[in-house]
Structures are given as structure tokens and as C-alpha cells.
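Heads up, the thing below is written out as C-alpha cells.
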Amino acid sequence: MTIEKPEQFNENIDPVYISNQQFDRAADCINELKTGLIEFLKLPKRINIINFPIEMDDGSVRSFQGYRIIHNNVFGPGKGGIRYHPDITIDEVISLAKLMTWKCALVNIPFGGAKGGIVCDTKKLSDSELRRITRRFTSELANAIGPHIDIPAPDLYTSEQTMAWIFDTYDMLHPGQNNWPVVTGKPINIGGSYGRREATGLGCVIATERFLSKALIPEQQEIAGARIAIQGFGDVGSVAARYFFREGAKIVAVSDSRGGIYSENGLDPDAVLDFQSEHGTVVGMPKTMTITNEELLESECDILVPAALGNQIHSGNANKIKAKLIVEAANNPTTPRADDILVKKGVFILPDIVANAGGVTVSYFEWVQNQVNESWEVEKINLKLKSKIIATVDVVFNHWQSFVVKGEIAVGTKSDKEDVRRPPDFRTVALIIAIQRVANATLLRGIWP
Ligand code: NAD
């Protein structure tokens with residue numbers, strides 16, 4: 001997916017290259033990882049590419065391309081969102097499916113990694129066109145998804161409504177069985193879970209709170225009083241903004257695809273949501289300064305929350321970032337070169353596989369509820385979410401500390417052919433834990449035949 005001003009930096013942002021680089025940095029620190037296993041863990045298990053025609057509202061016919069990819073299913077059925085975006089590529093979906101494998105392993109939920117996407121611009125499609133696209137894609141996937149095979153969920157520009165259409169199509173094609181668990185993120189009254197819509201944003205805030213309590217940023221040990229800038233004011237960004245605000249943070253800037261707004265005195269997320277639903281964008285809200293998405297990333301704040309697209313923080317702007325902590329609500333928002341720059345600057349990054357794991361965690365709760373036809377109360381769900389996220393932050397932090405004690409991590413020694421020693425970062429440490437878990441499980445299951 002492209003970023004706003006790619007000419008500003010010179011860096012390879014191919015998604016597979018980046019995910020392999022992140023993998024190699026972690027794998028280089030795992031001594032006992034078998035070479036053949038490394039290849040298996042880097043490559044996707046199964047790729048579905050589907051081309052299909054759709055009759056448009058005006059009677060014309062258009063072809064669309066969609067992907068559904070399972071990266072790994074050692075821990076269970078594939079799990080991961082489906083995104084609709086005009087710039088989506090198969091390589092991006094592969095890298096996102098990998099990320100889901102590591103995320104599920106890190107959070108300890110019994111799913112593998114998967115991801116899907118359709119190349120389309122939802123802003124230029126009517127609801128009935130979107131419904132036909134979703135139904136046709138689901139029917140073409142046929143048995144490639146299923147409650148115990150691969151379970152989609154919402155992502156960029158897909159919603160509860162999209163999930164309802166996927167469920168309905170799958171249910172018609174597979175009558176006579178409980179199909180509720182085929183997809184998560186459904187509307188509440190058709191098998192959805194309380195708390196799922198809020199889960200990613202809330203998980204992000206819980207992870208931030210726990211991370212700050214570790215006192216790595218002495219002057220910022222709690223959310224209250226923090227100045228927060230959030231890029232992307234969709235399902236994840238807007239919910240995170242509301243919970244940060246509730247915890248006493250000052251939301252100084254938010255943005256969407258059309259640009260951003262800034263207020264030194266702080267924004268009320270509910271008022272921004274009201275303005276956005278009336279005007280289709282946050283831009284133009286009274287008593288705010290209009291800024292670009294690039295300016296938002298570089299704005300004066302304590303915590304920066306990218307909650308939109310990938311590769312937004314790169315070698316061209318990493319040095320200009322003023323936040324002390326970056327909380328990755330979006331998937332893959334930071335490039336490896338930016339990681340290096342930021343770690344040297346002393347900026348902490350709470351990586352995506354920790355920061356946005358709340359979504360897949362409550363998706364798992366929805367899947368469990370669907371198996372037994374139960375509907376848990378939101379208080380129970382949020383408590384369970386909180387304990388999962390806290391346990392995840394703690395395990396990553398404790399592991400990170402053991403690297404701090406041992407000294408700096410050597411990164412890239414095997415893969416990049418450079419001997420670069422640098423302080424340990426949370427992304428590499430989180431990946432080390434996740435990769436080790438998946439590798440161990442693969443060997444414990446025994447390689448078949
Ligand atoms: P969404 O479609 O609800 O919202 C996306 C937001 O990003 C919108 O406000 C949109 O206007 C904005 N945006 C789009 N292009 C932009 C650009 N060029 N610059 C700035 N903003 C832009 O999507 P979402 O579900 O909130 O997902 C956001 C991110 O969080 C994605 O990276 C997604 O993979 C990740 N994520 C989502 C979930 C989930 O449960 N929805 C879970 C984990 C991770």
C-alpha cells in the first residue's frame with residue numbers, strides 16, 4: 001500500500017521484504033531454530049487468488065480480484081481480517097497473514113495466521129455493489145474458509161455489515177450445521193460479541209497503560225496527562241481515542257484519509273465523531289487547526305498512535321517524530337529502517353502484535369461463544385481481554401529485560417550481512433517469543449509423515 005509522499009525517502013517498502021527482515025532479526029536471536037523450519041515459517045501455507053465479475057448498479061460488468069491467504073495453522077484454524085482497498089497487493093496480504101500467526105501465538109490463542117483482501121475502493125461503490133462483491137468472493141472461497149479452517153474478521157474498510165454478508169453466504173452454502181463461528185466481528189444480534197467492535201482500540205489503551213506502568217519513560221508513567229496524536233479515526237482509532245480520553249489523556253490530533261486536525265487544548269473524541277459522521281471527515285471541525293497526515297505524525301505529543309495504513313513511519317520522517325512512545329494500533333505502520341532510527345533516538349515502540357491484539361482476542365471470545373451458543377456480558381469480556389493484554393505486555397517486557405541485562409541485541413548479523421548491535425526493541429523481542437512458540441509447536445506435533 002502506498003504512503004502519502006513516497007518520494008521523501010529511499011527505502012524498500014515491499015511488504016514481504018519488510019516482514020522477512022523483521023523475521024530475520026528475531027530468528028537471528030533464536031539459536032536452535034532449524035534452517036528448514038525457517039523457510040517453512042517465512043512462507044505462506046496456502047494462497048487463494050480469485051478473479052470474479054460483478055454486475056454494477058448501472059448494468060455494466062467489472063472484474064475484481066480478491067485474496068485469502070493462510071500463512072500458518074500449527075496452532076489452529078487461520079484467523080485474520082479481510083480488507084477492501086484499491087492499493088492492496090497479494091504481497092501485502094501475505095505479510096499481514098504472517099503477522100497474524102505471530103500475534104495469535106504471542107497472545108496464546110489457538111489460531112493460526114490468515115488474511116484476505118479485495119482490490120476495490122469502497123468509497124466509489126454502493127452498498128448493493130459491496131454486498132454482491134462480498135457474497136461472490138465468499139462463495140468463490142467456498143470451503144477455503146470455515147469455523148475450523150479459516151475465520152475472517154473486519155479490517156480496513158470492512159465492517160460488521162461485511163461480516164454479516166460473509167456469514168449469510170457461507171451459511172446458505174453449508175446448511176444444517178452451526179456456522180456462526182465462520183466469521184467474527186458480526187453484528188451483535190446475529191452472533192456477534194459484546195465488546196468486539198471496541199476490542200482493538202480498548203486493547204491498545206490497556207497495553208499502553210501497562211507499558212507506561214513499567215516506568216521506562218520516567219516522566220510518563222500513566223495515561224492521564226499524556227498528549228496523544230492518533231492517525232486514522234476509524235473503528236480502531238476512534239475507539240482508542242475515546243478510551244485514552246476517558247483515562248485522562250489529552251487527544252491533541254486525529255486524522256483520516258482526507259487530513260487531520262490539531263488542538264493544543266485537546267479534542268473531545270465524541271464531538272469529533274459527531275462532526276465526522278455529519279461531514280464525512282474530521283477536517284474542518286470548528287476551533288481546530290487543519291494539518292496533513294505527515295504533520296500529525298511529527299506533531300508535539302507524548303504518545304503517537306498510528307491507526308490507519310502501513311509504512312506511515314519510515315526513514316524519511318522517523319527522525320522528526322517527537323513522541324516518546326509509538327503505540328502501533330495499525331498493522332505494519334513502521335518500516336525496519338524507521339525502527340532503527342527510533343530505537344537509537346530512545347523512542348519506544350509498542351509493536352502491532354501487542355498493541356492491536358485486542359481485536360483478535362475478542363474475536364476468539366466471539367468464536368468460543370458461537371460454538372456453545374452463549375452471549376457473555378461485556379464486563380466479562382473486557383475483564384478477560386484485560387488479563388490477556390496485560391499478560392502479553394508482561395511477557396514481552398520481561399523477555400526484553402533479559403536482553404537488556406545480557407546487553408544489546410545483535411541484529412542482521414546473519415541476514416543483512418552487517419554486524420549491527422543495538423539496544424533490544426520490543427518488536428524483535430515479541431517476534432522472538434512468537435516464532436519460538438510456533439517453531440516448538442511444529443516440532444512437538446511431529447513433522448508429518
Ligand atoms: P477503518 O477502515 O475503520 O479506519 C481506517 C481509518 O484510516 C479511517 O479513518 C480512514 O479515513 C483512515 N485512513 C485511510 N487512509 C489514510 C491515510 N492515507 N492517512 C491517514 N488516515 C487514513 O479501519 P480499522 O478497522 O480502524 O483499521 C485501522 C488499522 O488497524 C489497520 O491497519 C488494521 O489492519 C488495523 N487493525 C484493525 C483491527 C480491527 O479490529 N478492525 C484489528 C487489528 C488491527
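The residues of the chain are indexed from 1 along the displayed sequence. All ligand and atom numbering here is 1-based and tracks the order in the structure.
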**Prompt:** Taking Lys250 for the side chain and Arg227 for the main chain, is one N or O donor matched with an acceptor at less than 3.5 Å?
**Reply:** no
**Message:** Closer than 4.0 Å to some heavy atom of Ala330 - which atoms of ligand 1 meet that?
**Reply:** 29 (C), 30 (O), 32 (O), 35 (C)
**Prompt:** Is it true that Glu198 and Arg242 make a salt bridge, defined as a side-chain N closer than 4.0 Å to a carboxylate O?
**Reply:** no
**Asked** Using heavy atoms and a threshold below 4.0 Å, how should the contact between Leu309 and ligand 1 be classified: side chain, backbone, both, or neither?
**Response** side chain
**From the candidates Val236, Ile230, Leu96, the one that places a heavy atom nearest atom 27 (O) of ligand 1** = Val236
**Request:** Using the six-membered ring wherever Trp is involved, compare the ring planes of Phe211 and Phe426 and label them parallel, tilted or perpendicular (cut-offs 30° and 60°).
**Result:** perpendicular
**Asked** So, is Gly234 polar-close to ligand 1, with some N/O to N/O distance under 3.5 Å?
**Response** yes
**Asked** Do Asp235 and Thr200 have side-chain N/O donor and acceptor atoms under 3.5 Å apart?
**Response** no
**Asked** Can you find a pair of side-chain heavy atoms, one from Pro15 and one from Asn332, that are under 4.5 Å apart?
**Response** no
**Message:** Between ligand 1 and Arg258, can you find any atom pair, the residue atom being a heavy atom, that is separated by under 4.0 Å?
**Reply:** no
**Asked** Asn293 heavy atoms, cut-off 4.0 Å: which ligand 1 atoms fall inside?
**Response** 19 (N), 20 (C)
**Asked** Is there a nitrogen or oxygen of Asp155 sitting under 3.5 Å from a nitrogen or oxygen of ligand 1?
**Response** yes
**Asked** Without hydrogens or angle criteria, can the side chains of Asn293 and Ser255 be said to hold a donor-acceptor pair below 3.5 Å?
**Response** yes
**Message:** Tell me the contacting part of Ala329 for ligand 1: side chain, backbone, both, or neither, using a 4.0 Å heavy-atom threshold, strictly below.
**Reply:** backbone
**Item:** Contact atoms of ligand 1, heavy-atom distance to Leu156 under 4.0 Å
**Value:** 2 (O), 5 (C), 23 (O), 31 (C)
**Asked** Which pairs count as ring pair (Phe, Tyr, Trp, His ring centres under 6.0 Å) when at least one residue sits in residues 248-297, sequence neighbours excluded?
**Response** Phe275-His279
**Complete:** Within the 4.0 Å heavy-atom cut-off, what Asp256 brings close to ligand 1 is both
**Asked** Within the side chain of Asn179, is there an N or O that forms a donor-acceptor pair under 3.5 Å with the backbone of Val182?
**Response** no
**Prompt:** Is there a nitrogen or oxygen of Lys103 sitting under 3.5 Å from a nitrogen or oxygen of ligand 1?
**Reply:** no
**Asked** Cation over ring, Lys98 on Phe23, under 6.0 Å and within 45°?
**Response** no
**Request:** Below 4.0 angstrom from a heavy atom of Phe233, which ligand 1 atoms are there? Numbered from 1 as shown, please.
**Result:** 9 (O)
**Item:** Ring geometry between Phe167 and Trp180 (parallel below 30°, tilted from 30 to 60°, perpendicular above 60°)
**Value:** parallel
**Request:** Examine the proximity of ligand 1 to Ser159 and report which part, side chain or backbone, both or neither, has a heavy atom under 4.0 Å away.
**Result:** neither
**Message:** So if I count the atoms of ligand 1 from 1 in the order they appear, which ones are less than 4.0 Å from some heavy atom of Tyr157?
**Reply:** 2 (O), 10 (C), 11 (O), 14 (C)
**Request:** Run the ring-centre check on Phe137 versus Phe64 and record whether the distance is less than 6.0 Å.
**Result:** no
**Message:** Considering both backbone and side-chain atoms of Arg83, is one of its nitrogen or oxygen atoms within less than 3.5 Å of a nitrogen or oxygen in ligand 1?
**Reply:** yes
**Prompt:** Would you say Gln276 and ligand 1 have an N/O pair spaced under 3.5 Å apart?
**Reply:** no
**Fill in**
Short version for Arg196: what comes under 4.0 Å of ligand 1, heavy atoms counted, is side chain
